[in-house]
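Chain A is the first sequence line, chain B the second, and so forth, proteins listed ahead of strands; every chain is numbered from 1.
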There are 2 protein chains.
Amino acid sequence: MATPANQNQKADETIHGRGLRMTDQRRAVYDVLMGERDHPTAVEVFTRVRAKVPTISLATVYNCLDTLTGCGLVKTVTHEREPARYCPNLEEHAHFFCESCGTVTDLPLRSRKRAEDVWEFPGEFNISHHEVSFSGTCPKCSAKAAKSKR
Amino acid sequence: MATPANQNQKADETIHGRGLRMTDQRRAVYDVLMGERDHPTAVEVFTRVRAKVPTISLATVYNCLDTLTGCGLVKTVTHEREPARYCPNLEEHAHFFCESCGTVTDLPLRSRKRAEDVWEFPGEFNISHHEVSFSGTCPKCSAKAAKSKR
DNA sequence: ATCTTAATTGGAATAATTCTTGATAAGGAA
DNA sequence: TTCCTTATCAAGAATTATTCCAATTAAGAT
């Protein structure tokens, strides 16, 4: 069981609160994201979901991902025009993209820090969103590279 | 004259240093970016460049933008799978995307601040790049919205 | 049980970008 | 200069992620 029951119920309520239905397809997509939290692309979600709902179409996966993000249950993650990835972590965080192995890591905000304080806003900007992405090599790949160099 | 002479010479040297040539097309693309610094898309660069080099093709504009970014003379800016934009500002900075008027604003780094200090890196990550983008409404559009609401 | 509307499906359409191939042009050697 | 080699360019085809569309299916309300 990928998604804890209480999380599932909260998702249900959120969906219903918008006058929408928690269909099998939406639940399955949500479960996939809550299961392996590795920031899959739409196509990856599609192949995983088909294990549970073999008749689902890619268009529906896109639709489900849209509704889930629209409800605020899931976040869309983009990086350099690569296919969009999806993430059920609702806490404020940034992402690290490993150029070597392709993994994506969540980077939590350090306590008492705010992104808005790092850059200078020349005027009265009204911030509704921000997205921060780092890239380079992850700890595993960095270690591997250091060893092979020696 | 869009690009100051000394900037132009530096660009020449950078290009030649890589064994490449500063062709009319590359110069024209670079001039366009240094001229109106409004983060144009490839297609926007294309239409502007055609005023100077009417025979240039879109493929060449893409090629030129690639070589210029490869040489570090220009940066590619992406935001939520919208078409890539191009920016000749080489200082470290973030971008603000106005959801109302579409303009992109450079946000300089506050002195003595570092992006890496805001997020927690669980392990020995090797950072090679980072990209930070905010979105919302710019000062002009915020003011307009406030006035019309009153 | 029926009605109404939301949701799903499969395929076609779109849009940004990349690839391919042949033509052009530029710089260096003879 | 003339030739040779290689980089660059141009035009259009190809690719890829995503969205759109029209027809069917399913769910909840009456």
Side-chain angles (χ1 to χ4, degrees), chain A residues 11-32 39-50 52-71 73-86 97 102 104, chain B residues 11-30 32 39-47 49-50 52-71 73-86 97 102 104:
Chain A
D12 276 30
E13 283 166 18
T14 309
I15 293 253
H16 290 142
R18 304 237 178 175
L20 304 173
R21 303 169 193 160
M22 180 52 98
T23 63
D24 289 356
Q25 289 87 340
R26 285 176 182 159
R27 150 128 319 115
V29 166
Y30 186 63
D31 278 355
V32 160
H39 307 84
T41 64
V43 172
E44 286 163 352
V45 172
F46 176 52
T47 62
R48 291 182 200 173
V49 164
R50 272 201 295 191
K52 283 249 175 151
V53 187
T55 58
I56 199 171
S57 76
L58 179 55
T60 300
V61 170
Y62 273 106
N63 286 339
C64 293
L65 290 169
D66 275 4
T67 38
L68 291 173
T69 53
C71 292
L73 291 167
V74 161
K75 278 186 185 169
T76 307
V77 178
T78 58
H79 178 63
E80 290 183 357
R81 294 202 57 78
E82 290 172 10
R85 297 172 171 281
Y86 298 87
F97 297 81
V104 182
Chain B
D12 276 32
E13 282 165 17
T14 309
I15 293 253
H16 290 141
R18 305 240 176 170
L20 303 173
R21 303 170 193 157
M22 180 53 97
T23 62
D24 288 355
Q25 288 88 338
R26 285 176 183 159
R27 150 125 322 114
V29 166
Y30 185 63
V32 159
H39 308 83
T41 65
V43 171
E44 285 164 352
V45 172
F46 177 52
T47 62
V49 164
R50 271 200 296 194
K52 280 246 175 151
V53 187
T55 59
I56 199 171
S57 76
L58 179 55
T60 299
V61 170
Y62 273 107
N63 286 338
C64 292
L65 290 168
D66 275 4
T67 39
L68 290 173
T69 53
C71 292
L73 291 167
V74 162
K75 279 186 184 169
T76 306
V77 179
T78 58
H79 179 63
E80 291 184 358
R81 297 201 56 78
E82 290 173 10
R85 298 174 171 278
Y86 298 88
F97 296 81
V104 182

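- A pairwise comparison of heavy atoms in A:V104 and A:R85 identifies CG2-CD, 4.0 Å as the closest pair.
- As rounded to whole Å, 10 Å separates atom P of D:dT19 from atom CG of A:L65.
- The separation between A:N63 atom CG and D:dA17 atom P is 18 Å, rounded to whole Å.
- Backbone-only contact: A:T23 has heavy atoms under 4.0 Å from sugar-phosphate atoms and none from a base.
- One finds no side-chain N or O of A:T60 lying less than 4.0 angstrom from the OP1 or OP2 phosphate oxygen of C:dT8.
- A close approach under 4.0 Å does occur between a side-chain nitrogen or oxygen of A:T55 and OP1 or OP2 of C:dT9.
- In this structure, B:L58 atom CG and D:dA11 atom P are separated by 11 Å, rounded to whole Å.
- Among the nucleotides C:dT9, D:dA17, C:dA7, the one closest to the side chain of A:L20 is C:dA7.
- Put simply, the side chain of A:V43 does not reach to within 4.5 Å of the side chain of A:P83, judged on heavy atoms.
- Side-chain proximity of B:C64 to the nucleotides C:dT8, D:dG12, D:dC9 is greatest for D:dC9.
- Within the 4.5 Å cutoff, no side-chain heavy atoms of B:K75 are placed close to those of B:T69.
- The shortest distance between the side-chain N/O atoms of B:Y62 and the OP1/OP2 oxygens of C:dT17 is below 4.0 Å.
- Within a 6.0 Å sphere centred on CG of B:D24, other residues, nucleotides and ligands contribute 12 heavy atoms or fewer.
- Side-chain contact between B:D66 and B:Y62 is absent, with no heavy atoms from C-beta onward closer than 4.5 Å.
- The interatomic distance linking B:I15 (CD1) with C:dA26 (P) rounds to 16 Å, in whole Å.
- Atom-to-atom, CZ of B:R85 to C1' of C:dA16 comes out at 13 Å; the value is rounded to the nearest Å.
- Going from atom CD of A:E82 over to atom P of D:dT15 covers 20 Å, rounded to whole Å.
- Of the listed residues (A:D12, A:L65, A:V74), just one forms a side chain to side chain contact (heavy atoms under 4.5 Å, CB included) with A:Y30, and that residue is A:V74.
- Only one option out of B:T67, B:N63, B:T60, B:V49 pairs with B:Q25 in a side chain to side chain contact (heavy atoms under 4.5 Å, CB included); it is B:T60.
- Note: CZ (A:R18) to C1' (C:dA7) measures 17 Å, nearest angstrom.
- Distances shorter than 4.0 Å separate none of the side-chain N or O atoms of B:R81 from OP1 or OP2 on D:dA17.
- Rounded to an integer number of Å, the gap from CG of A:L68 to C1' of C:dT8 is 15 Å.
- With D:dG28, C:dT9, D:dT18 as the candidates, the nucleotide lying closest to the side chain of A:R21 is D:dG28.
- Closest to the side chain of A:Q25, from the set D:dT8, C:dT8, D:dT18, is C:dT8.
- Judged by closest nucleotide on DNA chain D, B:M22 is the one of B:A59 and B:M22 placed further toward the 5' end.
- Among C:dG11, C:dT8, D:dT18, the nucleotide with an atom closest to any side-chain atom of A:P83 is D:dT18.
- End-to-end axis angle for the helix from C:dA1-D:dT30 to C:dA30-D:dT1, using five pairs per end and rounding to 10°, comes out at 20°.
- In the set C:dT17, D:dA10, C:dT9, C:dT17 carries the atom at the smallest distance from any side-chain atom of B:A42.
- Considering only heavy atoms from C-beta on, A:I56 comes within 4.5 Å of A:R50 through its side chain.
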